[in-house]
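Below: the structure, in structure tokens.
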Protein chains: 2
Amino acid sequence: MKTIRRSAFAALPSALLVAAVLTATIARAQDPLPSWNDGAAKQSIITFVDKVTKPGSPDFVPAPERIATFDNDGTLWCEKPLPVQLYFVLDRVKTLAPQHPEWQTKEPFASILKGDVKAALAGGERALLDLVMATHTGNTTEEFEQIAKDWIATAKHPKTGKHFTAMVYQPMLELLAYLRANGFKSFIVSGGGIEFMRPWTEKTYGIPPEQVVGSTVKTKFEMRDGKPVLVRLPELNFNDDKAGKPIAINRHIGRRPIAAFGNSDGDLQMLQYTGAGSGARFCLYVHHDDVEREYAYDRQDHLARLDAGLDEAAAKGWTVVSMKNDWKTVFAPEKK
Amino acid sequence: MKTIRRSAFAALPSALLVAAVLTATIARAQDPLPSWNDGAAKQSIITFVDKVTKPGSPDFVPAPERIATFDNDGTLWCEKPLPVQLYFVLDRVKTLAPQHPEWQTKEPFASILKGDVKAALAGGERALLDLVMATHTGNTTEEFEQIAKDWIATAKHPKTGKHFTAMVYQPMLELLAYLRANGFKSFIVSGGGIEFMRPWTEKTYGIPPEQVVGSTVKTKFEMRDGKPVLVRLPELNFNDDKAGKPIAINRHIGRRPIAAFGNSDGDLQMLQYTGAGSGARFCLYVHHDDVEREYAYDRQDHLARLDAGLDEAAAKGWTVVSMKNDWKTVFAPEKK
């Protein structure tokens with residue numbers, strides 16, 4: 001007994017140390033969203049997660065049904081002054097131009113080669129589609145994956161000079177981690193190209209390729225030297241924007257999300273579809289009102305308008321995050 | 001010290017008990033596929049799983065890349081005398097007939113209403129597509145989910161009188177569980193309708209809706225009484241068969257599987273695509289050669305031919321499972 005008692009006393013200081021460490025850990029655990037300022041937005045997230053995960057809660061949702069969907073551009077990473085994939089298009093036009101002498105005089109390519117992006121985009125959706133098809137197709141899926149991977153590893157934001165993957169929002173990374181720790185499965189549901197995103201979403205967001213939904217081109221199965229490949233064809237298969245988002249969610253996921261996150265009217269139908277399910281639901285808009293640390297744009301923006309969405313959020317009590325007031329920090333530190 | 005030594009001795013019998021239990025558990029763990037007869041097919045599966053999961057093995061594959069794809073009809077459950085979804089079509093035609101008086105004289109519906117399925121199917125793919133569109137669309141995705149769920153809960157196999165979900169193959173259920181226990185993520189990739197399968201695959205196979213890939217119809221986002229719904233349109237969106245399978249795998253999963261399982265030439269391109277990746281790969285055909293316990297069909301079958309696939313399996317050394325010789329039992333006991 002003596003031995004045991006002595007051991008018990010001897011253990012005391014380290015027990016105190018363990019207790020101190022535990023307390024610190026719990027304090028951190030009590031704030032799963034340290035880059036969010038305390039306020040209604042942060043509290044609404046925590047309240048929702050608590051009630052759907054607490055066994056016995058009337059709003060409890062079994063883990064397999066905890067599906068969350070996130071827009072990407074402007075919701076998880078910066079989309080200004082232009083969406084990242086558009087910089088990829090511009091670089092690809094320059095890379096491919098030597099193989100296309102006709103682009104020197106053919107729009108929208110000619111304007112891009114002259115450095116006039118605005119003139120190139122004046123052609124609207126048709127011009128954009130032409131640009132995407134000319135720069136994203138004609139290769140195999142594996143070739144394109146490598147092209148996207150190489151580009152994202154080197155390309156830099158025109159204003160900050162940082163890699164685009166360093167222009168992801170730290171508060172949203174914390175939110176993704178918090179949801180994951182609470183048994184949620186999060187999907188990206190973006191208007192962007194599915195195969196442009198997949199090469200880097202796992203490393204950047206912890207979201208694996210099979211949880212990335214986006215716009216697609218048609219592909220063709222072909223044998224090359226006895227090896228099967230998928231060739232990317234210059235034909236749009238699906239435009240994953242606006243009403244396309246709930247359609248793609250149903251097709252890819254097959255369950256209605258219980259939480260959805262966006263930042264523009266292009267996400268409105270996804271939020272409506274999510275919010276209309278039975279049981280507890282959570283819809284959130286990131287509102288870009290931080291001209292100092294990022295950008296400020298909403299009702300008048302041409303590429304990522306948030307107008308009808310703001311009205312509906314107010315009417316339905318959805319969470320609207322003020323980037324300026326609700327986020328302690330905006331950008332995540334760059335991953336090595 | 002005395003106290004401690006006495007406790008150590010006192011603990012011995014229970015330690016022996018624990019050891020005995022552990023040994024039994026390990027013995028069971030050593031046969032993860034108890035419904036498979038010992039032989040080359042079973043051994044090939046275990047050898048593959050061992051080498052891709054053993055850390056330090058030259059063939060080691062990190063868990064997130066352990067993607068396996070399974071055909072459904074004839075690979076996971078019985079597809080004879082007709083594929084299960086076709087029985088659903090026949091029942092739906094009868095249910096909907098009162099709303100379609102024109103079907104009494106219009107093919108392929110008229111033949112079905114007279115009970116002559118063979119005549120109805122004589123119209124080939126066109127007739128089949130007409131039948132599927134007439135019986136699977138015009139409702140919302142939620143309505144259709146309920147219809148499929150209700151049907152699968154009650155419909156019975158014409159020969160055995162068992163529920164169709166009791167006509168799933170016990171050895172394949174064990175294989176799915178074995179792969180899951182080894183960090184694999186398994187997807188169904190079926191020519192069948194994605195929304196016909198999703199309502200029951202989680203309960204039956206442990207495969208959640210988001211891991212089910214199949215044929216799809218187009219859907220339309222619509223507001224009904226202020227609530228968003230997706231309406232199923234009578235237009236094929238994607239036929240997930242043959243060359244469609246690798247295309248759908250790339251679109252839904254975004255990674256090339258390292259293992260693929262099928263039973264007909266409709267699965268051949270999926271197996272080719274899987275087998276052609278770098279590193280360790282595993283391709284398996286279930287060969288229906290068990291006329292006593294199930295059905296026997298291959299090169300001459302009209303609905304699920306296995307002909308080119310058998311030749312390629314032999315040439316490439318893929319595993320071909322003889323249902324008759326490799327499976328101790330065929331069907332799983334019915335789940336309550």
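Chain identifiers are assigned alphabetically (A, B, ...) following the order of the sequence lines, protein sequences preceding nucleic acid strands; residue numbering begins at 1 within each chain.
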Any donor-acceptor pair under 3.5 Å from A:R232 side chain to A:H136 backbone: yes

For the pair A:S215 and A:D240, evaluate side-chain hydrogen bond (donor to acceptor under 3.5 Å, both in side chains) and give the outcome as yes or no after the intermediate values. CA-CA 5 Å; A:S215 295; A:D240 188 29; 5.6 Å; no

Assess the pair B:F164 and B:W200: is the distance between their ring centroids shorter than 6.0 Å? no

Once rounded to the nearest 0.5 Å, what's the spacing between atom CG of A:L175 and atom CZ of A:F184? 9.5 Å

Given heavy-atom pairs under 4.5 angstrom as the criterion, report whether the side chain, backbone, both or neither of B:Q211 touches chain A. side chain

Hey, could you give me the CG/CD distance between A:D241 and A:Q269, rounded to the nearest 0.5 Å? 8.0 Å

Heavy-atom contact with chain A under 4.5 Å, split by part of B:K242: neither

Applying side-chain contact (heavy atoms from CB on, under 4.5 Å), run through A:W77 and A:V84 and close with a yes or a no. CA-CA 9 Å; A:W77 75 352; A:V84 178; 3.4 Å; yes

Which residues, numbered in order, of residues 190-199 of chain B come under 4.5 angstrom of chain A by heavy-atom distance? B:I194, B:E195, B:R198

Say you draw a straight line from CG of A:L271 to CZ of A:R281; how long is it, rounded to the nearest 0.5 Å? 12.0 Å

Say whether, by atom type as modelled, one donor and one acceptor occur between the side chain of A:D265 and the main chain of A:A308 under 3.5 angstrom. yes

Contact list (residues 247-260 of chain A to chain B, heavy-atom gap under 4.5 Å, by number) returns A:I247, A:N250, A:R251, A:H252, A:I253, A:G254, A:R255, A:R256

Identify which part of B:F238 has an atom lying under 4.5 Å from any heavy atom of chain A, answering side chain, backbone, both or neither. neither

B:V231 versus chain A, the contacting section by heavy-atom distance below 4.5 Å: neither

I'd like to know if B:K245 and B:D267 make a salt bridge, using a cut-off of under 4.0 Å between side-chain N and carboxylate O. yes

State which residues pass ring-ring contact (aromatic ring centres under 6.0 Å, His included) with B:W318; sequence neighbours excluded, sorted by chain then number. none

Hey, could you give me the CG/OH distance between A:L76 and A:Y205, rounded to the nearest 0.5 Å? 4.5 Å

A:T165 (side chain) donor-acceptor with A:T204 (main chain) under 3.5 angstrom: no

Do side-chain atoms of A:T75 reach the backbone of A:N263 as a donor and acceptor pair under 3.5 angstrom? yes

What's the separation between atom OH in B:Y273 and atom SG in B:C283, rounded to the nearest 0.5 Å? 12.5 Å

Evaluate the side-chain contact (heavy atoms from CB on, under 4.5 Å) criterion for residues B:L129 and B:L236: first the C-alpha distance (whole Å), next the side-chain angles of each, then the deciding distance (0.1 Å), finally the verdict. CA-CA 8 Å; B:L129 196 65; B:L236 185 68; 4.3 Å; yes

Between chain B and each of A:T216, A:V212, A:V229, count heavy-atom pairs under 4.5 Å; write down the option with the most. A:T216

If the contact rule is any heavy atom under 4.5 Å from chain B, which residues of residues 138-148 of chain A qualify, in numerical order? A:T141, A:E142

